[in-house]
J.: 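Have a look at the structure that comes next, please.
Within every chain, numbering begins at 1; the chains are lettered A, B, ... in the order of the sequence lines, protein sequences first and strands thereafter.
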Amino acid sequence: METIKVSLKDGSVREYPVGTTIGQVAESISRGLASKALVGKFNEQIKDLSHPLMEDGQLEILTFDQEEGREVYRHSSAHILAQAVQKLFPGTRLGIGPAIENGFYYDFDCLQSFTPQDLERIEKEMAAIVKADYPFVRQEVSREEAIRIFTERGENYKVELINELPEDATISLYQQGEFLDLCAGPHVPSTGKIRALKLMSLAGAYWRGSEKNKMLQRIYGTSFANKADLDQYLFQLEEAKRRDHRKLGAELGLFTILEEGPGFPFFLPKGMILRNQLESYWRELHRRWGYQEIRTPIILRREMWEQSGHWDHYKENMYFTKIDEDDFAVKPMNCPGAILVYRTQLHSYREFPLRLAEMGLVHRHEKSGVLHGLMRVRAFTQDDAHIFCLPSQITQEIKGVIDLVDEVYRLFGFSYHVELSTRPEKSMGSPEAWEQATNALRTAMEEKGMEYKVNEGDGAFYGPKIDFHLRDSIGRTWQCGTIQLDFQMPEKFDLTYIGEDGQRHRPVMIHRVAFGSIERFIGILIEHYAGAFPTWLAPIQARVIPITERHHEYARTVGTNLAAQGFRVDIDDRSEKVGYKIREGQLAKIPYLLVVGDKEQENSLVAVRDRAKGDLGAISLTTFVAQLQAESTWNSRA
RNA sequence: GCUGAUGUGGCUCAGGGGUAGAGCAGCUCACUCGUAAUGAGCAGGUCGGGGGUUCGAAUCCCCCCAUCAGCUCCA
C-alpha cells in the first residue's frame, strides 16, 4: 500500500496510507485530541476532518484553542442558526453568516421581523439540531449546478454571490440535515460538536454593508467549547456594561447629555475638574515639546471654507449661520484658523518648525443614529496642533509627534497600534504630492521601527494620515491620535516663508492630535479606570469623615489644611453612621477616605481608607500629605 | 440616515381604558455612632411631545423627538 509522510506540529513525522483522513490522523495521535479536533490545517490550508490526505505534508490539528479553530467552530454555529431559522420561518432567505471576533452572525431576509421571544425559540431549535448531531457534508458542484440549486430555492442572495465568484473558484456546498448552504468551508464534523451556544442580539444590517441595499435582519450569537467559557464571556460583557461611561458619567456626576442638545455634552463640576487636569497636563506636555498655544474662532466666513476646500469636501458635516447678510460656518476643523494665524506674519525658515497647538472646539453634523455618549458627539474639543516646517524637517517632526503621542498613552497605561491611511476617492491635490506625503509618513514609521497596518483610501481629503488606535482595559480599541501630512492647505492659502536664499517658499503643514477629542478621551478613561481615576485626575482626592459631631471641628481643620495645600478634599459631616458614609465614599470612588474620631483628634492623625486596599489604619496627617502629594501629579503615573 | 426596541418622580423599575405606585436618593426630626445602607415622618410625576379614537387615555391609533442595539460613517 502506498503511504504518505505527515509531519506534525511537535516535529514528529508519521506514515499513513494514502487517503487517510485528517480525523483518522487525529485519532491515531490521541483520543483526547480526536475528541477536541475541529478541523485540520494541512500545508497551510484549513480542511474538514473528513478530508483525505493524498500527499506528504505538514498537518496541524486545530481545536477551539486556536483562533482558526474557533472561527470554524463559530462559522458552523452560524449554519446551525440558519438551519433553525429556516425551519421555524419557512421561506426566509439567507444572506451571509460568518464568524466574527467574539462569535458569529447570520443575515436573514424574512417577511416578519424577529422578536426577542423568537430568539429564544430559535435557540431551542438550535439545541435540537445540536442534539441530532447532523454531520456537515461537503460537496463540490459546477457553477451552473449551484445556480440552479439556489435559484430553485429562491435564494437570490446566494445566487448573487455565486455569480461574483472568480472563474476558477471551486464552488462547494455544505449540508447538515435538511439544510443546505453555499459555503467554502471548512466545518466541524457534525452539529453535535457545538457545546455552548447563545444568541446575543438582533440588529438590522444592509445586504453587503451598503446603505443602498435592502436591510436584512442580523442575528448575533456566540459559541464556546464549554458552558463555563461561555459564562465567563457573558460575565465579561456584564463587566463592560458596568464600566459604561454613560452610566458612570451620570453616577459620578461627570457629564450629562440631554434631549435639549443631542450629541452636545454638558460637563458637570466634577467632570470639569477631570477635564481641567487633563488640559493642564496637556499644556505642560506641549510646552515641553516646543509648542505654542493659540485659540481661533468657532465661526468664520463662508469664503474661507470655500478656499480651504471644506465647502466642497465636508459641507454635509458642517453647520451654517448668517451674520447680518453674510454667510458663516461653524468650524468642523481647526486647520483654517491656524493657517490664518500663520498668515498674520511673515515667516522665516529660522522659525521652523513652528508648532501651533490649539484646544479647538469643533462642531460636526453626525447622523442621529451614530451618537454615543462622549464617544461620538456633535461638538468636541480636539487637542490639535499644526506644525509648519521645511520639507526636509518632515520626518524628524513626525517622529517627534510619534514620541509625544507615545508618552501620552503610556501615562494612562494604554497599549496601541498604528494604521496608515492613503488617498481617498474624494481628495484634493496631485497623485505625486500624495505619493510624496505618504512616503514621508512611511519613512518616519519605518525609521522608528514601528509596525503598521495600511488602510487604502482612508485618508483625509487633504492628505494621508497615521492613526493611533488605543486599546482600553477591556480590550476595545479606539482611534485617538492622528498625524496628517498636508501639502494642500499651504497651497490653497498661498502660505510662504523666506528661505535661506531670501526667496519665498512653500511650507509643509502637519496636522496632529494626541488625545484626539478630549470628550472621547474622557469617555475612554472612564471605562478604562471603571470610574476609579488615579489620584491626579480624581475630582475629589480625599474625603474627611468625622465619626460624631464632636469631631467636626477637627475634621474641618484637616479639610482646610489639605485644601490649603491644593488638594481636592471635602468633608462628610452629615449625621449618619460611619458605615454609611464609607459606603457612599466608596461608591463615589474617592481615592482616600479619612476617618477621624477621638484617637485621631488627640494625636493629629487620620485613619486612611484606601479605595482599593481598604482600611490602612491611622497615620499622621503629615505622612498622609506626603503620600497624597506624590500621587497628585501626572509624573507619578499613579 | 436605515432596521428594531425603549421612553412612568433625580435614579432603578411596577402598573397597561375608570382618581398615578414601590425602593433608593432628597428634605425634616430623633439617634452621636469606628470602616459598604439607623429609624420615623414629609415632599416629589400634565406617565417624552403633539394630534386622534373614547363618556373617560399613562394604557388603543397616527406623526414627531430622544435614547438603546446594530448597519453605514467617523475624532
J.: What does U6(B) pair with, Watson-Crick or G-U, if both distances are under 3.5 Å?
T.: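 Looking at the geometry, U6(B) pairs with A66(B).
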
J.: In whole angstrom, give the distance that lies between atom CD of Q217(A) and atom P of C2(B).
T.: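 Result: 17 Å.
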
J.: Using the benzene-type ring in the case of Trp, are the ring centres of H75(A) and F104(A) under 6.0 Å apart?
T.: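 For H75(A) and F104(A), the ring centres are not under 6.0 Å apart.
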
J.: Expressed in whole Å, how much space separates the C1' atoms belonging to U53(B) and C61(B)?
T.: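 Per the computed distance, 7 Å lies between those C1' atoms.
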
J.: Would you kindly give the CD1-to-P distance between I545(A) and A36(B), to the nearest whole Å?
T.: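 Taking atom P of A36(B) as the reference, CD1 of I545(A) is at 11 Å.
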
J.: Looking at every strand, decide which applies to A607(A) at a 4.0 Å heavy-atom threshold: base, sugar-phosphate, or nothing.
T.: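 Touches a base.
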
J.: Rounded to whole angstrom units, what separation is found between the NZ atom of K581(A) and the P atom of A36(B)?
T.: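 So the two atoms are 14 Å apart, to the nearest Å.
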
J.: Figure out the NZ/P separation between K577(A) and G39(B), and round it to whole Å.
T.: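 Going from NZ in K577(A) over to P in G39(B) covers 9 Å.
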
J.: Write down the distance separating the P atoms in A69(B) and C33(B), rounded off to the nearest Å.
T.: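 So the two P atoms sit 48 Å from each other.
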
J.: Can you tell me the pairing partner of G21(B) across any strand shown, Watson-Crick or G-U wobble, with both distances under 3.5 angstrom?
T.: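 Partner of G21(B): C13(B).
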
J.: Please give the distance between the C1' atoms of C68(B) and U28(B) as a whole number of Å.
T.: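 Here C68(B) and U28(B) have their C1' atoms 39 Å from each other.
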
J.: If I pick the P atom on G51(B) and the same atom on U59(B), what distance separates them, to the nearest angstrom?
T.: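 Nearest-Å result for U59(B) against G51(B) at atom P: 13 Å.
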
J.: Parallel under 30°, tilted from 30 to 60°, perpendicular over 60°: which one fits the rings of F264(A) and Y319(A)?
T.: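 F264(A) vs Y319(A) ring planes: tilted.
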
J.: Whole angstrom is fine here: how far is it from CD in E576(A) over to C1' in G34(B)?
T.: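 For the pair E576(A) CD and G34(B) C1', the rounded distance is 15 Å.
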
J.: Is a donor-acceptor pair below 3.5 Å formed from side chain E251(A) to base G10(B), judging by atom type as modelled?
T.: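 Checked by distance alone, the answer is no.
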
J.: Mind checking the P distance from C47(B) to A20(B)? Whole angstroms is fine.
T.: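 Pairwise P distance, C47(B) against A20(B), rounds to 10 Å.
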
J.: Provide the Watson-Crick or G-U wobble partner of A57(B), both distances under 3.5 Å; none if there is no partner.
T.: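 WC or wobble partner does not exist here.
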
J.: Suppose you measure atom P in C42(B) against the same atom in A37(B); what distance do you get, rounded to whole Å?
T.: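 Going atom to atom, P in each nucleotide, I get 26 Å.
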
J.: Okay, side chain of Y592(A), backbone of T535(A): is any donor-acceptor separation there less than 3.5 Å?
T.: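 Pair absent, no side-chain N/O of Y592(A) close to backbone of T535(A).
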
J.: Check whether the side chain of S575(A) and the base of C33(B) form a donor-acceptor pair under 3.5 Å.
T.: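 In this structure, the two groups form no donor-acceptor pair.
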
J.: With the side chain counted from C-beta on, respond yes when I582(A) and R609(A) share a heavy-atom pair under 4.5 Å apart, and no when they do not.
T.: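 Heavy-atom side-chain distance check passes, below 4.5 Å.
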
J.: Report the relative orientation of the aromatic rings in H310(A) and Y462(A); use parallel for angles under 30°, tilted for 30 to 60°, perpendicular for over 60°.
T.: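 The arrangement is tilted - the two ring planes meet at 30° to 60°.
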
J.: Can you confirm if the aromatic rings of F255(A) and F266(A) lie within a centre distance of less than 6.0 Å?
T.: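 Not close enough - the centres of the two rings lie 6.0 Å or further apart.
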
J.: Using both distances under 3.5 Å as the test, list the Watson-Crick or G-U wobble partner of G39(B), or none.
T.: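 Pair assignment: G39(B) / C29(B).
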
J.: Determine the interatomic distance between C1' on U6(B) and the same-named atom on C64(B); round to the nearest Å.
T.: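 Comparing C1' positions in U6(B) and C64(B) gives a spacing of 16 Å.
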
J.: In this structure, how many angstroms lie between the C1' atom of C11(B) and the CG atom of L252(A), rounded?
T.: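 Whole-Å distance recorded here is 14 Å.
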
J.: Whole-Å distance between C11(B) P and E584(A) CD?
T.: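 To the nearest whole Å, that distance equals 17 Å.
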
J.: Think Y580(A) has a side-chain N or O under 4.0 angstrom from the OP1 or OP2 of G34(B)?
T.: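 Checking Y580(A) against G34(B): no side-chain N or O falls below 4.0 Å of OP1 or OP2.
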
J.: For nucleotides 63-75 of chain B, read 5' to 3', which letter fits each nucleotide if B means a protein heavy atom sits under 4.0 Å from the base, S means only the sugar-phosphate is that close, and - means neither?
T.: ---SSSSBBBBBB

J.: Using heavy atoms to find the nearest nucleotide of RNA chain B for R574(A) and L587(A) separately, return the residue whose nucleotide is more 5′.
T.: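 Upstream on the strand: R574(A).
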
J.: Can you confirm whether the side chains of Y416(A) and D406(A) place a donor and an acceptor under 3.5 Å from each other?
T.: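 Looking only at side-chain atoms, D406(A) and Y416(A) do form a donor-acceptor pair, the distance falling under 3.5 Å.
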
J.: Could you tell me if the ring centre of F412(A) sits under 6.0 Å from that of F521(A)?
T.: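 Ring-ring flag for F412(A)/F521(A): true, centres closer than 6.0 Å.
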
J.: Please report the distance, rounded to the nearest Å, between CD1 in I219(A) and P in U3(B).
T.: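 These atoms are roughly 18 Å apart.
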
J.: Hunt down the Watson-Crick or G-U wobble partner of C71(B), both distances under 3.5 Å, from any strand shown, or write none.
T.: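 WC or wobble partner is G1(B).
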
J.: Applying a 3.5 Å limit to both distances, which nucleotide forms a Watson-Crick or G-U wobble pair with G34(B)?
T.: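 Its partner is none (no Watson-Crick or G-U wobble pair with both distances under 3.5 Å).
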
J.: Could you give the distance separating G44(B) and G70(B) at their C1' atoms, to the nearest angstrom?
T.: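 Pairwise C1' distance, G70(B) against G44(B), rounds to 38 Å.
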
J.: Between E358(A) and K331(A), does any side-chain N to carboxylate O distance fall below 4.0 Å?
T.: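 Yes, this pair counts.
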
